[in-house]
Amino acid sequence: MNIATRPSAPDIAGLDLEACSRGLFIGGAWLAGHGPHPIPVVDPSTEAVVAHVANADLTDAAAAVDAASKAAPGWAATAPRKRSEILRRCFELITERAEMLAKLISLENGKALRDARGEVAYAAEFFRWNAEEAVRIVGDFGLAPAGANRIIVEHHPIGICVLITPWNFPAAMATRKIAPALAAGCTVVLKPATETPLTAYALAALYKEAGVPDGVVNVITTSSPGPVVSAMLADRRVRKLSFTGSTSVGRTLLAEASKTVLSCSMELGGNAPLIVFDDADLDIAIEGAMVAKMRNAGEACTAANRLYVQSGIYDRFVAALTDRMEGLAIGPGTDPVTECGPMITAKAANKIDALVKDAVGRGAKVQCGGAKPAGIGFFYPPTVLTGVPADAEMTHEEIFGPVAAITRFDTEDEVIAKANDTEYGLAAYVFTKDIGRGLKVSRRIEAGMVALNRGLVSDPAAPFGGMKQSGLGREGGSHGVLEFTEPQYVAVTL
Ligand code: NAP
């Protein structure tokens with residue numbers, strides 16, 4: 001293991017942490033929360049508390065929905081071109097402040113600065129893409145088949161949206177929802193993850209600066225997500241829930257949302273297979289596997305959770321991947337040389353440790369890593385396991401960490417059956433020089449997104465989302481904005 005500089009004081013020059021801790025962002029103002037105590041924000045690299053943010057209770061949640069409700073008619077009536085220009089300004093400001101935002105993400109999330117920089121660019125792109133979409137939300141016009149009337153279809157803003165986001169992409173998961181919601185003419189209340197609220201508040205200030213009217217975007221943090229979110233979902237003015245997080249919380253929220261028959265978009269957990277066929281280009285497969293496994297130190301819903309490698313290339317793949325994983329520099333996210341930062345919490349690092357111990361107990365072999373280091377920070381080393389059996393817990397659960405679990409396979413049918421043997425269906429990766437075979441295999445894999453000969457699948461211009469219990473609906477592409485609209489059809493005799 002190559003530990004860079006851990007632990008050390010984080011480099012937070014240029015970060016105004018107090019500005020991110022001014023209060024809840026409601027109706028364009030920074031307000032004190034009425035929750036029991038401020039919420040501490042911890043740097044996972046040093047375990048130090050770096051800031052506190054406001055804590056919302058039910059009255060604050062109601063105030064946020066009030067603010068969104070008050071702003072809704074004006075924003076829905078704002079010309080699409082004007083909305084588009086404000087979104088474009090958000091893109092420009094995020095891009096201008098990219099380095100500050102990346103440092104903030106690294107500080108509160110722990111991810112390596114290079115990953116944080118990538119996230120900021122990705123987060124900004126949702127504003128650029130949706131600035132372009134805002135002026136292209138077109139409906140339909142046609143003659144009814146019976147010839148008696150015309151059919152006019154218009155896409156209206158769906159209304160007030162509650163947006164809930166996880167800690168693993170504190171900027172991008174929020175902008176992936178806020179930008180299309182605003183493009184569609186909706187107002188929103190965002191509840192970011194408790195571990196990573198600073199980025200959400202820093203972005204809120206930036207939206208205001210970009211000209212987003214007061215009340216169009218509201219941000220609240222709370223130590224009681226269950227009651228606070230339930231209260232907002234029960235408010236009849238709220239018409240949309242867009243959630244990104246675990247499948248288990250997603251199931252709970254779907255049940256909550258059923259009470260008011262809310263429109264739901266759910267971006268949930270994954271268990272991505274990564275398949276390497278004998279005829280794959282080894283260098284491309286290793287490069288792709290490193291990205292698919294190690295972006296965000298494995299803390300990604302799209303992370304390759306199960307690596308299936310065909311017998312003919314297996315030994316060479318294992319040796320090359322182990323070599324790359326062993327060479328990664330571990331350290332605080334804010335340190336520019338770091339390639340693998342800490343996990344988000346001690347609980348997350350312990351869970352990874354337990355999954356590795358379970359797999360080893362069932363016969364998996366450790367090629368590198370495999371033991372949680374003692375000391376400060378929630379670190380887990382890059383780990384390669386081979387011969388991971390089908391009954392290992394990590395075959396069925398998200399590892400959400402820097403552990404590559406490799407299994408050998410022989411035939412195409414065998415690996416497709418293994419790949420699909422999961423309740424999840426978010427992402428998959430396929431490596432083969434035979435593109436025809438790659439496309440054929442992609443179609444047989446039950447996943448909303450397949451990366452063919454590459455390790456990165458996310459793209460603001462493409463529909464991101466999962467099949468099976470990985471979710472409902474799509475974010476990004478031309479689909480993303482429509483999740484925040486309600487089609488209305490008018491039958492008219494002309
Ligand atoms: P999580 O525990 O489900 O939390 C996600 C969000 O839900 C957080 O804001 C959390 O607030 C909130 N929450 C938790 N319990 C709630 C409740 N009872 N009612 C209302 N809200 C509640 O997930 P996570 O650990 O933050 O994120 C990791 C998971 O997200 C993984 O499963 C990953 O695969 C998934 N993910 C999916 C995608 C995708 O696009 N499909 C993208 C990224 C991540 P608190 O922080 O206050 O608990």
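Since we're looking at a predicted model, the values are computed, not measured.
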Item to check | Separation of Leu355 CG from His396 NE2 (nearest 0.5 Å) | outcome: 11.5 Å
Next on the checklist: Could you check whether Ser223 and Asn55, counting side-chain N and O atoms only, form a donor-acceptor pair closer than 3.5 Å?
Outcome noted: yes
Item to check | Nearest non-hydrogen partners of Thr411 and Phe409, listed with the distance | outcome: O-CD1, 3.4 Å
Checklist entry - Pairs in or reaching into residues 413-466: which pass ring-ring contact (aromatic ring centres under 6.0 Å, His included), with residues at least two apart or in two chains? => result none
Checklist entry - Within a reach of under 6.0 Å around NZ of Lys357, are more than 12 heavy atoms found that belong to other residues, nucleotides or ligands? => result no
Item to check | Distance (rounded to the nearest 0.5 Å) between Lys468 NZ and Leu426 CG | outcome: 11.5 Å
N/O donor-acceptor pairs under 3.5 Å from side chains in residues 450-457, not counting sequence neighbours:
{"from": "Asn453", "atom 1": "OD1", "to": "Thr432", "atom 2": "N", "distance (Å)": "3.0"}
{"from": "Asn453", "atom 1": "ND2", "to": "Thr432", "atom 2": "O", "distance (Å)": "2.8"}
{"from": "Arg454", "atom 1": "NE", "to": "Leu456", "atom 2": "O", "distance (Å)": "2.8"}
{"from": "Arg454", "atom 1": "NH2", "to": "Leu456", "atom 2": "O", "distance (Å)": "3.1"}

Checklist entry - Would you say the side-chain atoms of Thr485 pair up with the backbone N or O of Pro157, donor to acceptor, closer than 3.5 Å? => result no
Next on the checklist: Using the side-chain contact (heavy atoms from CB on, under 4.5 Å) criterion, which residues pair with Ala348? Sequence neighbours excluded.
Outcome noted: Met343, Ile344, Thr345
Item to check | Under 3.5 Å donor-acceptor, Arg306 side chain and Ala419 backbone | outcome: yes
Next on the checklist: I need the full list of ring-ring contact (aromatic ring centres under 6.0 Å, His included) pairs touching residues 101-130, with sequence neighbours left out, sorted by first then second residue.
Outcome noted: Tyr122-Phe126, Phe127-Tyr207
Checklist entry - Roughly how far apart are Glu475 CD and Asn130 CG, rounded to 0.5 Å? => result 10.0 Å
Checklist entry - Any luck finding a side-chain donor-acceptor pair between Lys365 and Thr386 under 3.5 Å? => result no
Checklist entry - Between Pro192 and Thr165, which heavy-atom pair has the shortest distance, and what is it? => result CA-OG1, 3.3 Å
Checklist entry - Do you know which two heavy atoms are closest between Ile39 and Thr221, and how far apart they sit? => result CD1-C, 4.1 Å
Checklist entry - Mind checking what makes ring pair (Phe, Tyr, Trp, His ring centres under 6.0 Å) contact with Phe169, not counting sequence neighbours? => result none
Item to check | Interatomic distance, Leu107 atom CG to Thr334 atom OG1 [nearest 0.5 angstrom] | outcome: 6.5 Å
Next on the checklist: Take a 6.0 Å sphere around NE2 of His155 and say whether it holds more than 12 heavy atoms from other residues, nucleotides or ligands.
Outcome noted: yes
Next on the checklist: Using 0.5 Å steps for rounding, measure from the OG atom of Ser265 to the CD1 atom of Ile158.
Outcome noted: 8.0 Å
Next on the checklist: Under a 4.0 Å threshold between the charged nitrogen and the carboxylate oxygen, would Glu483 count as salt-bridged to Lys177?
Outcome noted: no
Checklist entry - Does the side-chain contact (heavy atoms from CB on, under 4.5 Å) test come out yes or no for Met173 and Glu267, once each step is laid out? => result CA-CA 10 Å; Met173 294 303 94; Glu267 294 289 350; over 6 Å; no
Item to check | Ionic contact status for Arg239 with Glu486, cut-off 4.0 Å | outcome: no
Item to check | Under 3.5 Å: donor-acceptor pair, side chain of Gln367, backbone of Thr322 | outcome: no
Checklist outcome for this item: So the ring-ring contact (aromatic ring centres under 6.0 Å, His included) pairs with at least one residue in residues 283-334 (sequence neighbours excluded) are none
